[in-house]
Amino acid sequence: MATTPSQFTAVETASPRADLSVIALSGQLDAHTAPEFERFLEQEVRNENKHKLILDFSALEYISSAGLGVLMGFIEEVRSDGGDMKFACVPEKIYHVLDLLGFPVVFTIAPTVDEAAVAFTN
Amino acid sequence: MATTPSQFTAVETASPRADLSVIALSGQLDAHTAPEFERFLEQEVRNENKHKLILDFSALEYISSAGLGVLMGFIEEVRSDGGDMKFACVPEKIYHVLDLLGFPVVFTIAPTVDEAAVAFTN
Amino acid sequence: MSAENIIEVRIFEPNTSVLAELREFVISTGRLVGLAEETLRNIALAVDEAATNVIRHVASQHPCLIGCTCETNSNHSEVTYEISWDDTKPFNPSIPEKEVISQRIGTFTPGGLGIFLMHHLVDDIAFDYNNGKCVVKLIKRV
Amino acid sequence: MSAENIIEVRIFEPNTSVLAELREFVISTGRLVGLAEETLRNIALAVDEAATNVIRHVASQHPCLIGCTCETNSNHSEVTYEISWDDTKPFNPSIPEKEVISQRIGTFTPGGLGIFLMHHLVDDIAFDYNNGKCVVKLIKRV
Ligand SMILES: Nc1ncnc2c1ncn2[C@@H]1O[C@H](COP(=O)(O)OP(=O)(O)O)[C@@H](O)[C@H]1O
Ligand SMILES: Nc1ncnc2c1ncn2[C@@H]1O[C@H](COP(=O)(O)OP(=O)(O)O)[C@@H](O)[C@H]1O
């Protein structure tokens with residue numbers, strides 16, 4: 001029986017401010033789709049030099065440590081370029097996982113994209 | 001046909017000075033044996049807190065980037081603890097690989113273990 | 001104590017394309033035995049973490065298959081998911097302390113999250129090794 | 001130009017326990033076609049790097065097997081080792097510049113060494129994709 005492998009997409013969506021990039025995540029972010037997400041962030045951060053990122057989690061159904069590892073791999077890089085990665089619209093079931101690991105201490109988690117944008121002061 | 005998988009050993013051997021650890025490598029250090037080498041260095045550096053290491057390459061027959069990646073993963077850690085990793089007795093065929101990648105710029109490579117020990121000044 | 005009724009067993013290829021099916025296996029068998037939706041999600045994540053580790057750290061070194069078994073004990077007070085795989089040596093990792101994980105997250109150092117998560121998503125976790133098979137048991141009391 | 005005489009083909013399971021056999025395959029076939037010892041070592045390392053990448057980055061995502069073919073062209077002026085594997089998309093990486101590699105080594109950042117090495121250990125490297133098969137061709141002029 002062939003179940004479909006995990007599906008995941010990351011796309012840039014409308015941003016409330018020109019200096020910010022909003023990235024909408026959807027589907028399942030596990031060890032199967034993490035490499036795809038990593039390539040997406042490489043393109044954004046390294047090739048297009050974007051480093052003020054808001055990640056919109058509203059359509060994300062699932063995340064495992066493989067997906068969280070990808071995020072951890074970029075946070076230092078965007079911060080050293082004067083940017084940050086802020087999380088918005090995190091569903092309860094995903095928040096539960098972030099919380100278990102202590103992500104809220106290190107990452108700003110805002111209820112909406114607009115509130116995440118306000119958290120970028122400079 | 002079942003050829004034996006790659007064999008590799010790392011063992012601590014007699015050191016010329018009490019503050020230095022000499023590690024003799026032998027066999028083939030590739031992606032199959034690299035995890036074993038990583039566990040060995042984790043034990044030495046993280047558990048036994050050794051951070052002045054001389055790696056004796058004389059009996060090492062083969063190295064690939066997977067093995068070199070393990071070394072790169074520990075160099076910063078030992079240096080931040082006031083230590084270093086110095087290479088000794090590197091056979092010509094192994095030196096060729098190190099040289100292609102520019103390792104001699106970052107790692108001290110000494111002809112003998114005693115000369116590597118002298119390079120640890122403090 | 002001991003898990004005695006096998007509900008279902010399935011064998012998976014050791015690559016990440018099976019993870020979605022593996023999670024569905026946990027969710028459908030867990031529903032069968034009456035676990036709550038939040039519990040199902042937690043166990044599915046714990047099982048995913050265990051299998052991902054086998055795919056990343058074992059299957060890249062040796063050929064192996066991954067088995068997943070759902071069992072309950074005789075009085076149905078416990079549901080156990082066993083993840084098993086062929087290996088040449090036992091696997092019995094120490095569970096990282098919360099402080100170690102906080103420090104890793106704070107310094108953006110990856111690694112160690114999977115085993116920490118597994119441990120915190122179920123009531124009990126046990127590691128076993130028998131006849132060339134490693135087993136992780138993820139136990140949920142109901 | 002085109003490699004026409006197939007010397008030997010072998011299929012490998014995608015895990016690191018096959019790497020020793022793969023290198024021996026390169027060395028024995030390379031000796032057969034008269035390559036010098038140093039050349040044999042260089043090609044064996046390049047082939048190991050290509051296969052290690054498939055084991056680490058492809059086989060963990062999808063089931064696949066790794067093929068290795070040794071061929072010479074009609075006038076025996078070139079020996080080509082082809083490493084091929086099942087994949088859903090082409091693989092055609094850019095070769096990192098020497099400066100990029102120096103910088104990575106200098107900042108102890110792993111990654112990128114394998115493809116750099118492959119490129120510098122042979123005379124020519126080419127990537128191809130046909131009917132769900134990725135191919136890396138490692139070419140040595142004799
Ligand atoms: N099934 C396994 N067999 C052997 N080693 C394992 C296994 N699972 C995990 N490990 C080891 O334990 C470490 C921690 O695992 P984990 O917490 O899942 O984090 P990660 O896999 O992200 O490093 C891994 O890096 C690996 O070295
Ligand atoms: N066969 C492959 N298929 C897909 N991606 C690959 C493959 N080989 C290499 N890559 C990608 O290219 C990157 C660089 O490869 P490499 O130079 O061998 O370094 P490393 O594997 O140590 O990262 C890898 O991290 C991986 O993302």
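Labels below follow one simple rule: chain letters A, B, ... track the order of the sequence lines, proteins then strands, and each chain is numbered from 1. Any value given below was found using the heavy atoms of this structure, including those in side chains, with hydrogens, waters and symmetry copies removed.
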### Task
Check the pair Thr16(D), Gln61(C) against side chain to side chain contact (heavy atoms under 4.5 Å, CB included), reporting the backbone distance first and the verdict last.
CA-CA 5 Å; Thr16(D) 58; Gln61(C) 304 288 119; 3.4 Å; yes
#### Entry: Contact class of Pro14(D) relative to chain C, heavy atoms under 4.5 angstrom
backbone
### Message
I'd like to know whether CD of Gln103(C) has more than 12 heavy-atom contacts from other residues, nucleotides or ligands below 6.0 angstrom.
### Response
no
### Message
Could you check whether any side-chain heavy atom of Ser60(D) comes within less than 4.5 Å of a side-chain heavy atom of Asn15(C), counting everything from C-beta outward?
### Response
no
### Query
Which residues, numbered in order, of residues 111-142 of chain D come under 4.5 angstrom of chain C by heavy-atom distance?
none
### Query
Residue by residue, which of residues 40-51 of chain C have a heavy atom closer than 4.5 Å to a heavy atom belonging to chain D?
none
